[in-house]
Amino acid sequence: MAGELPAATPDGCYPRVNRTLEKMSFVADVWKICAPAYAERSKGGRSGIDPVVYLKMLMVGFFENLPSERAIASRCAPSTAPRT
């Protein structure tokens with residue numbers, strides 16, 4: 001039965017997810033919620049992964065049924081630079 005299903009492609013899914021997230025003002029809301037957890041660069045310490053990128057990576061993991069953060073990272077290979 002699974003062989004009869006069309007192959008899944010991200011061509012249609014991920015652009016729709018991005019459009020939906022944009023309509024929800026996802027980026028601004030995530031940064032507002034996460035801002036207290038992100039220190040100023042001047043205070044030292046290693047920069048964290050942008051929380052928007054991290055949450056999108058988790059969504060990819062969910063949609064692609066990836067079992068771990070390591071598997072997600074190997075699929076996405078994202079920039080870990082924080083938002084400026």
Heavy-atom closest contact (P51 atom, V30 atom, distance)
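Minimum heavy-atom contact is CB-CG1, 3.8 Å.
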Can you name the closest pair of heavy atoms from D29 and M24 and give their distance?
OD2-O, 3.3 Å
Between atom CE of M57 and atom CD1 of I49, what is the distance when rounded to the nearest 0.5 Å?
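Rounded to the nearest 0.5 Å, the CE-CD1 separation comes to 5.5 Å.
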Spatial distance of atom CD (E64) from atom SG (C13) [nearest 0.5 Å]:
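Result: 7.5 Å between the selected atoms.
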Full working for side chain to side chain contact (heavy atoms under 4.5 Å, CB included) between W31 and D50
CA-CA 9 Å; W31 268 105; D50 182 313; 3.5 Å; yes
Counting neighbours of OH on Y54 that are heavy atoms of other residues, nucleotides or ligands and sit closer than 6.0 Å, is the number greater than 12?
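Result for OH/Y54: open.
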For residues L58 and I33: do they belong to one hydrophobic cluster (side chain heavy atoms under 4.5 Å, members Ile, Leu, Val, Met, Phe, Trp, Tyr)?
no
K56 vs N18, side chain to side chain contact (heavy atoms under 4.5 Å, CB included): CA-CA, chis, key distance, verdict
CA-CA 9 Å; K56 285 184 175 184; N18 276 328; 3.3 Å; yes
